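These notes are about the structure you will find just below.
Throughout, a chain's letter reflects where its sequence line sits, starting with A, and its residues are numbered from 1. This is a predicted model, so every value here is computed, not measured.
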There are 2 protein chains.
Amino acid sequence: MSLSHGILGFLSYGNMTGYDLAKVFNSSVNFFWCAQNSHIYLELNKLEKQGYVSCEHIIQSDKPNKKLYHITESGKEEFLNWLSKDSSETVEKNKNAFLLKLFFSGEMKPEESIKILKKFIDDCQKYSDRMSSIPENISKNRDGIEDYKILYWEMTADFGYSYINLCIEWAKRCIQKLEVYK
Amino acid sequence: MSLSHGILGFLSYGNMTGYDLAKVFNSSVNFFWCAQNSHIYLELNKLEKQGYVSCEHIIQSDKPNKKLYHITESGKEEFLNWLSKDSSETVEKNKNAFLLKLFFSGEMKPEESIKILKKFIDDCQKYSDRMSSIPENISKNRDGIEDYKILYWEMTADFGYSYINLCIEWAKRCIQKLEVYK
DNA sequence: AGGCTCATGTAACCGGTTACATGATTAT
DNA sequence: ATAATCATGTAACCGGTTACATGAGCCT
């Protein structure tokens, strides 16, 4: 449900190929939505069959030929529909495999879980480092995009920073509690 | 990958039926892992074929008959293996459909997005209310479980509270920023 | 009779991942 | 030569959801 709408979202900014979409996914929404290129191509075909996008074959001499996708009127409608639709499932059907694992970690030695939590902190730090390129990516792609639209990009980044800080602080608290039982 | 291991985790606490598992899933890990009963029954069959659980038919006169599942030695091994295995994908491949939607919300009127964010806060509040039954559930199921194991349950609950507060605070910030453009 | 709890499933579908596969063009 | 970038896919699989389906026994 979501990759297809993400694609429609980006195509509403301008025409793109599957290759472009894969790149833009990885340089913008990657920290809360990752996409394989194979999946993107699959989804583009589906969207074309549904009439939400149309495609134009571009013959190139300096580079391999490509397929440039446009969003159609019915695609825009579908996209706006999705935007305004309720999305409470995100809160209700939240899944976190790491927490599930931690829930059962009483079956391991505290030392083991401390190691896992330290690795978690490490992963968060790396994620945070990758996120630091976001402001740069935003300013790189902002031409032609109105200020109040950029605001939304910044709000998602704000969430990302707050979330990753929460994770790190929480994991530190956990380690502290576990040190007692070591 | 995760429901099956969650099932093994609960079975390592004691023998259960599919029905018991559905109940215990919904009263404990529900806020970071939800499970349909149909899925649980499906997964139990798979686990039995893999030799990770075995089942015992219990004939009852006062209630319908049932199938009581036990974890096997190889099931315990698989479970412990999963526990100590790396889970960095949780951080790296984090998905959040709400953020994806918000990312594109510049295509809507600010009033519309404010409404969506207020709904989000509302959903968070409801989620928070449901979470308040967790301490109760923990104390209800703690008999026979060592103190340091309960600690892990509390750590996941701690995450849940912190996360939901973050969501609410963040959404309030977003609304404030959007009020300017209203 | 009607509703609740207990109890177990099947079938179709769907979004997404993994692995594999190909090939043109450009720069070094 | 060969690596990098550009460019597009297929096929098998998998974890999970949705909808549907059934039925025993208890309590009121």
**OP:** Determine, using ring centers only, whether Y152(A) and F103(B) are less than 6.0 Å apart.
**Re:**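 No.
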
Original post:
With ring centroids as reference points, do Y163(B) and F32(B) lie under 6.0 angstrom apart?
Top reply: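 Distance test on ring centres: not under 6.0 Å, no.
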
Subject >> Close approaches to DNA chain D from residues 7-16 of chain A, in residue order (heavy atom, under 4.0 Å) >> reply: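 Per residue number, the list is empty: none.
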
Original post:
Heavy atom of residues 85-103 of chain B under 4.0 Å from DNA chain D: which residues?
Top reply: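 Within residues 85-103 of chain B, no residue comes under 4.0 Å of DNA chain D.
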
Starting at [atom1] of [X] and ending at [atom2] of [N], how long is that distance when rounded to a whole Å?
X      : N       : atom1 : atom2 : value
N26(A) : dC6(D)  : CG    : P     : 13 Å
L3(A)  : dC14(C) : CG    : C1'   : 13 Å
D62(A) : dA7(D)  : CG    : C1'   : 13 Å
Q36(B) : dA12(C) : CD    : P     : 19 Å
L44(B) : dG16(D) : CG    : P     : 14 Å
Q50(B) : dG15(D) : CD    : C1'   : 13 Å

Counting distance only, does the side-chain N/O of [X] pair as donor-acceptor with the main-chain N or O of [Y] below 3.5 Å?
X       : Y      : value
Q60(B)  : P64(B) : yes
K101(A) : K85(B) : yes
T72(B)  : G51(B) : yes

Subject >> K95(B) atom NZ: more than 12 heavy-atom contacts under 6.0 Å >> reply: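 Yes, NZ of K95(B) has more than 12 neighbouring heavy atoms, counting only those of other groups under 6.0 Å.
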
Sub-3.5 Å pairs of nitrogen or oxygen atoms, protein against nucleotides 7-11 of chain C:
from	atom 1	to	atom 2	distance (Å)
dA7(C)	OP1	Q60(B)	NE2	2.9
dT8(C)	OP1	K67(B)	N	2.7
dT8(C)	OP2	Y19(B)	N	3.2
dT8(C)	OP2	Y41(B)	OH	3.0
dG9(C)	OP1	K67(B)	NZ	2.9
dG9(C)	OP2	K67(B)	NZ	2.9

**OP:** Return the orientation label for the Y181(B) and Y148(A) ring planes: parallel under 30°, perpendicular over 60°, tilted otherwise.
**Re:**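 Geometry flag for Y148(A) against Y181(B): tilted rings.
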
Original post:
For Y13(B), what residues pass the side-chain hydrogen bond (donor to acceptor under 3.5 Å, both in side chains) criterion, not counting sequence neighbours?
Top reply: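 Checked Y13(B) against side-chain hydrogen bond (donor to acceptor under 3.5 Å, both in side chains); matches are W153(B).
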
**OP:** Give one of base, sugar-phosphate or nothing for S4(A), where a contact means two heavy atoms less than 4.0 Å apart.
**Re:**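 Here S4(A) touches no strand at all.
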
**OP:** Decide yes or no for Q125(B) and D122(B): does some side-chain heavy atom of the first lie under 4.5 Å from some side-chain heavy atom of the second?
**Re:**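 No - every pair of side-chain heavy atoms lies 4.5 Å or more apart.
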
Original post:
Quick one: salt bridge (Lys or Arg N to Asp or Glu O under 4.0 Å) pairs with a partner in residues 60-74 of chain A, sequence neighbours left out?
Top reply: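 Qualifying pairs: E73(A)-K76(A).
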
Subject >> Connected-component partners of L68(A) among ILVMFWY, side-chain separation under 4.5 Å >> reply: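 Its cluster partners, ordered by chain and number, are I58(A).
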
